[in-house]
Every structure is written in C-alpha cells, then in structure tokens.
Student: 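Got a structure for you, written out below as structure tokens; questions coming shortly.
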Amino acid sequence: MTHDLFSNFQSRGLVHQSTDPDALRQWLAGGSRRVYAGFDPTADSLHVGHLVALMLLRRVAAAGHEPVALVGGATGMIGDPSGRSEERNLLSPAELAANVAGVERQIRAILETTGQTVHVVNNADWMRGVGYLEFLRDVGKHVPLSQMLGKDSVKSRLERDGGLSYTEFSYMLLQAWDFVHLSDALDCRVQIGGSDQWGNITAGIELGRRLRARDLHGITCPLLTKADGTKMGKTASGAIWLDPRRTSPYRFYQYWINLDDDDAGRCAERLTELPLDALTSLAALRTANPAARDTQKRLAEELTRLVHGEQGLTAARQATAIFFGAEIGGLDDAALAEIFADVPSREFARTALDGDGLPLVEALEATGLAATKSAARRTIEQGGAYVNNRRINDVAHRLKAAELSGTATLVLRSGKKSYALARFL
RNA sequence: GGGGAGUUUCCCGAGCGGUCAAAGGGGUCAGACUGUAAAUCUGAUGGCUAUGCCUUCGCAGGUUCGAAUCCUGCACUCCCCA
C-alpha cells in the first residue's frame, strides 16, 4: 500500500496543478487524513466523466486516508459555471432530491468496497439554515471581488455573449465555504477535482486562510479527453452512465473496448488500480500486438467490475460473445432480456408462428431492422439477415416456433451490429 | 417597379415528348477485408399482395395514344437593373 498519495498521483499522470507539493506531502504524511472531492447532482446518475474523481477518492482510501465525497445538494441548486459555456437551467427541488439520492448511492457503492471509512456529505445539510445576510457577512466579506473576477471560469464567461448571472457567479463562494466547513467539521484539508475546479478549490483555500488562518491544500487532475478532442464518456447516442438502467453493462463494457489505443492507455493509467508494472506490460503488448487490444479488454474488465460488479461483467461478456457472432442457444428469456437490454424489441402474437409461420420480411420490418419490406428483402438477398445469429438467405423464409430461443424470443439481426428482439406472447 | 434564372427521388445534380423509377456524385444499407478502428473494394438504394402493378420530378389544370420533359395559371427561391 502506497503511503505517499501525492507521488502515487504523479506517477499516474493525475496531477495537473497543486498547491505546494512539500506542504501537501507533509500534511498527508501525518497519519490518516481526510480528502474530499465534490459531485454536483445534475442527474440521478453519475457518468463516465465522474470516474476520474471517484478513482481519485479510491486511491485516497488505498493510501490509508479517508475519502470524503461531497454531494452538492446546495450547490446543485445553483449550477457550477466552471467549464461551461452557458448558464444552466435550474433543477426543481424534487428533481434535485432524487438526484442526490441516486448519486449518493453510486458513490457509496464504489467507495465502500475499499474497506476504508467513507464519508458522504451533502452541503445542503449545512447551507440550508444559513441566511443570506449572514452569509454575506461571514463569507462574502472575506472574498475580494478582484479575486473572484480573476478566475478563469468567470473571465471566460464574461467575455462571451451570454455572460453569467449573479447566481452562477456566486457559486464559488458556496464551494469555498464547503471547504472551510469540512475543515472545521472533519478536519478535511485537501480537496481534489478536475482541472476545471482549480478556481473553486483555490477560492476555498483563500477563504480558509482568511477566516481560520488554516492551511488548506488542493490538487487537480487533467481532464480526461479523447484523442479526437471529444469528451470522455460522450458518444453519438449520449453519455455513458454508471446507472445500468441508463447504460447497460454491455454498452458500458463496449465503450471501453472501443477506445483507441492511446485513449485506452491513458484510461488504464488514470481510471484503474492496476499497478504501474502492469500498465507497462500492457503498453508493451499494445505496441507488439495492437490487434489483440489487451489494454482495452483489461480496462473494460476492471471498470465494468467496479461499476456493475462481477455479475454485470459476466453479462457484458456474454453479450459481447453473442453480439460478435456466437450462435444463440441455451439461453432462457431472462438471460436474453438482460443481454439484449439495449436492443429494441417488438411483441407479436404467439399465434403468428403457427401454420406457415411469420414471414421473416415482415418481422424485419416490424422490428425496425428494415424500413420497408423491400429493404428487408434486399437485406436478406445480400446476406445480411440473421435469426439467432444464423444467416438466412431465403427471402421467403418464415419464422416458426421451432426456431425460438428461450421460450418466446427470437433474436433478429441485420448486418453486423443491428439487433432486435421479437417476442412472442 | 423592370429584366432574367430556377423549383427533379434522403442531399447535390443530369434529364428537356416515348427506350425514365429517372445519369453521376454524396449519404445510407448490405457484403468482402479488418483490430468490434480507419481506409479500400463490391452490390443495393420509391413502394407493394412483385417477371406485374401503384406512387414520385414545386402546386393545379390542359395538349397528346403517351409528359419530369410542351401549354396556361398559381406559389416559392435566386440574380441583375431601378
């Protein structure tokens, strides 16, 4: 177990900016410390973009310190302008409460497996009772405007057409106060976050010095972006979420499998707990035999297990085998439903299979795999139609009960990747 | 206000009385190849109860055995001159 957390971060490329490294090391060397990172509940689930911060906290735990995860029930009502080009829409209190609950659950699930004591706190708990005048006198008074205006998050927004509202402008005061509050309540003196958080973190450090004459520390890690410049965790069809109801374990797994080599290497470094020598040998394998995609596989495995558990990983792997050609058989309806969670399905009357059966052409059209029956015919003629992953070349093919996998399901496929379930009830 | 050009299938764009469901390109889909990448190559690409039938070429009428193609009116777009 590494005790020098800061060096551990550095060796994995996780330090973008930090306050004085010597002071930081010294504080962390003093025993079991508390280190915090904040999560704003903008949705009822975290997504892949939050994994860096979650992993930072796991590393904190692994180094023998206690991770503190702050869920922004209060700050979430305002919206962080950092790294944003436009004013946020405010969430309703009900939405926010649901989001807080969802995010808290995920954070606990991921951090508690470290075995270390985990603190999950909600800044609404200490912000709620604070009056506006009180806040201005106790906090606002100690933050110079020049300092606030100097932050990148504010400057960049002021230069834009949209500007920013007073509300979002004030966001950093809340986060600054959070830091000071946590240093009071938990003796938590280190805050970590993405590089876009530097302004907010230093605001808290300043405030701690002015208000408490206390030394607070901060580390930011580089934002994880893909080689093509897009944000990590965003796909054409939307974000990759940690909640299996939003993103199935299979799609989550596949996201990592499909990363290009450089991105996969960086993610393995920053998002997994693989030891450094394992990373080195993966890098060697990547150069020697890129086609094997060992890094992607290992990364997908580690992260899927972390987020969805051993069971989720098994399901994702099973789905992967099937999606890449394995014939389908011996799976019951429940397993099929789980594996094909992302796949559109369409229900038919059971009786459609009786007699001559249901023309494949019709099934392809009804499930949306083909836009029209003509298109369905074409697909079949060109060898792109599959039932239970067996290619069907006969345009006149009719589906019969004997072909069902499970008791009521047929897996239809068009081309390499488009699947649909036909369920006969 | 005057003069000119145009409106074609998902997009761009040819067609200018029958051989037009309409060239070519793009896109899309499928196949081969491949690392579940990129590129490349091949095929397909209005619909259907399908060797035929129906619908499509701005809209509405008309001429003709027959119109995306000719005529009339209408709508919209663009350019030039005032």
Side-chain angles (χ1 to χ4, degrees), chain A residues 48 225-237 240 247-268 281-304 312-328 339-344 352 355-399 411-420:
Chain A
V48 160
T225 52
K226 295 213 289 180
D228 60 12
T230 57
K231 269 191 194 162
M232 189 57 78
K234 294 278 183 209
T235 66
S237 51
I240 303 293
T247 302
S248 71
Y250 166 72
R251 275 210 296 141
F252 183 86
Y253 181 87
Q254 283 293 318
Y255 178 76
W256 304 108
I257 289 283
N258 280 319
L259 285 184
D260 76 39
D261 297 351
D262 290 346
D263 290 334
R266 231 146 13 86
C267 285
S281 56
L282 280 175
L285 285 172
R286 222 180 306 142
T287 323
N289 184 12
R293 297 200 325 294
D294 296 293
T295 308
Q296 282 89 337
K297 283 179 188 157
R298 194 62 198 276
L299 175 68
E301 187 181 306
E302 293 288 324
L303 290 175
T304 307
L313 176 60
T314 307
R317 278 183 165 150
Q318 214 169 16
T320 297
I322 284 171
F323 279 117
F324 291 91
E327 250 193 58
I328 296 165
I339 289 168
F340 291 97
D342 302 315
V343 157
D356 288 340
L358 178 69
L360 176 58
V361 169
E362 270 180 42
L364 289 173
E365 188 204 14
T367 51
L369 286 180
T372 63
K373 284 180 203 153
S374 296
R377 278 185 202 100
R378 252 176 257 134
T379 306
I380 299 171
E381 278 162 10
Q382 294 179 134
Y386 297 78
V387 175
N388 291 336
N389 272 351
R390 271 203 344 274
R391 182 181 277 183
I392 304 289
N393 285 306
D394 177 13
V395 177
H397 184 84
R398 283 163 172 273
L399 301 171
V411 179
L412 303 178
R413 172 179 146 206
S414 161
K416 286 183 179 47
K417 292 185 178 175
S418 310
Y419 280 86

Student: Among A/L369, A/I392, A/V343, which one satisfies side-chain contact (heavy atoms from CB on, under 4.5 Å) with A/L412?
Tutor: A/L369
Student: Which protein N or O atoms sit under 3.5 Å from an N or O of nucleotides 42-46 of chain B?
Tutor:
residue: B/G43; atom: N2; partner: A/Q382; partner atom: OE1; Å: 3.1
residue: B/G43; atom: N2; partner: A/Q382; partner atom: NE2; Å: 3.3
residue: B/G43; atom: N3; partner: A/Q382; partner atom: OE1; Å: 3.3
residue: B/A44; atom: O4'; partner: A/Q382; partner atom: OE1; Å: 3.1

Student: Choose from B/G31, B/U36, B/C48 the nucleotide whose nearest atom is closest to any side-chain atom of A/E365.
Tutor: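 Ranking B/G31, B/U36, B/C48 by closest atom to the A/E365 side chain puts B/C48 first.
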Student: For nucleotides 22-24 of chain B, tabulate all protein N/O to nucleotide N/O atom pairs closer than 3.5 Å, reporting atom names and distance.
Tutor:
none

Student: Rounding to the closest angstrom, what is the interatomic distance between B/G25 and B/U45 at atom P?
Tutor: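 The same atom, P, in both gives a distance of 14 Å.
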Student: Which pair of non-hydrogen atoms, one from A/D342 and one from A/R251, has the smallest distance, and what is that distance?
Tutor: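 Taking A/D342 first and A/R251 second, the nearest heavy atoms are OD2-CG, 2.9 Å.
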Student: Let's test your reading of the model: under 3.5 Å, does the base of B/U36 pair with the side chain of A/Q296 as donor and acceptor?
Tutor: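 Donor-acceptor pair under 3.5 Å: no.
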Student: Taking atom P in both B/U77 and B/U8, compute the distance separating them and give it to the nearest angstrom.
Tutor: 14 Å
Student: Could you tell me whether the phosphate oxygens of B/C29, OP1 or OP2, come under 4.0 Å of any side-chain nitrogen or oxygen in A/S418?
Tutor: no
Student: Any stems for RNA chain B, made of 3 or more Watson-Crick or G-U pairs in a row, each with both distances under 3.5 Å?
Tutor: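 Ordered by first number, the stems with RNA chain B (at least 3 consecutive pairs each) read B:1-7 with B:75-81, B:10-12 with B:24-26, B:27-32 with B:40-45, B:46-48 with B:52-54, B:58-62 with B:70-74.
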Student: Please measure how far the C1' atom in B/U72 lies from the corresponding atom in B/G27, and state the result in whole Å.
Tutor: 39 Å
Student: What distance, rounded to whole Å, do you find between the two P atoms, one in B/C70 and one in B/C79?
Tutor: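 Per the computed distance, 25 Å lies between those P atoms.
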Student: Under the side chain to side chain contact (heavy atoms under 4.5 Å, CB included) test, which residues partner A/D260, sequence neighbours left out?
Tutor: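 Partners of A/D260 by the side chain to side chain contact (heavy atoms under 4.5 Å, CB included) criterion, ordered by chain and then number, come out as A/A227, A/D262, A/D263.
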Student: Look at A/K373 and B/U49 and indicate whether a side-chain polar atom (N or O) is within less than 4.0 Å of OP1 or OP2.
Tutor: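 The answer is yes; a side-chain N or O of A/K373 sits under 4.0 Å from OP1 or OP2.
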Student: Side-chain donor or acceptor of A/D261 under 3.5 Å from a matching atom on the base of B/G35?
Tutor: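 In this structure, the two groups form a donor-acceptor pair.
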Student: Answer yes or no: does a side-chain N or O of A/K417 lie under 4.0 Å from OP1 or OP2 of B/A37?
Tutor: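 Answer is yes, contact under 4.0 Å.
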Student: Tell me the side chain to side chain donor-acceptor pair (under 3.5 Å) pairs involving residues 287-300 of chain A, sequence neighbours left out?
Tutor: A/D261-A/Q296, A/R286-A/T295, A/R298-A/E302
Student: Pick the P atom in B/A60 and in B/G6, then give their distance to the nearest Å.
Tutor: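 It comes out at 22 Å once rounded to the nearest Å.
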Student: Tell me which nucleotide among B/U36, B/C33, B/C48 gets nearest to the side chain of A/K416.
Tutor: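 Closest nucleotide to the A/K416 side chain: B/C33.
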Student: Give me the distance, rounded to whole Å, that separates B/A21 from B/U56 when you measure between the P atoms they each carry.
Tutor: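 Roughly 13 Å separates the two P atoms.
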Student: Any protein N or O atoms within reach of nucleotides 53-55 of chain B? Criterion: under 3.5 Å, listing atom names and distances.
Tutor:
none

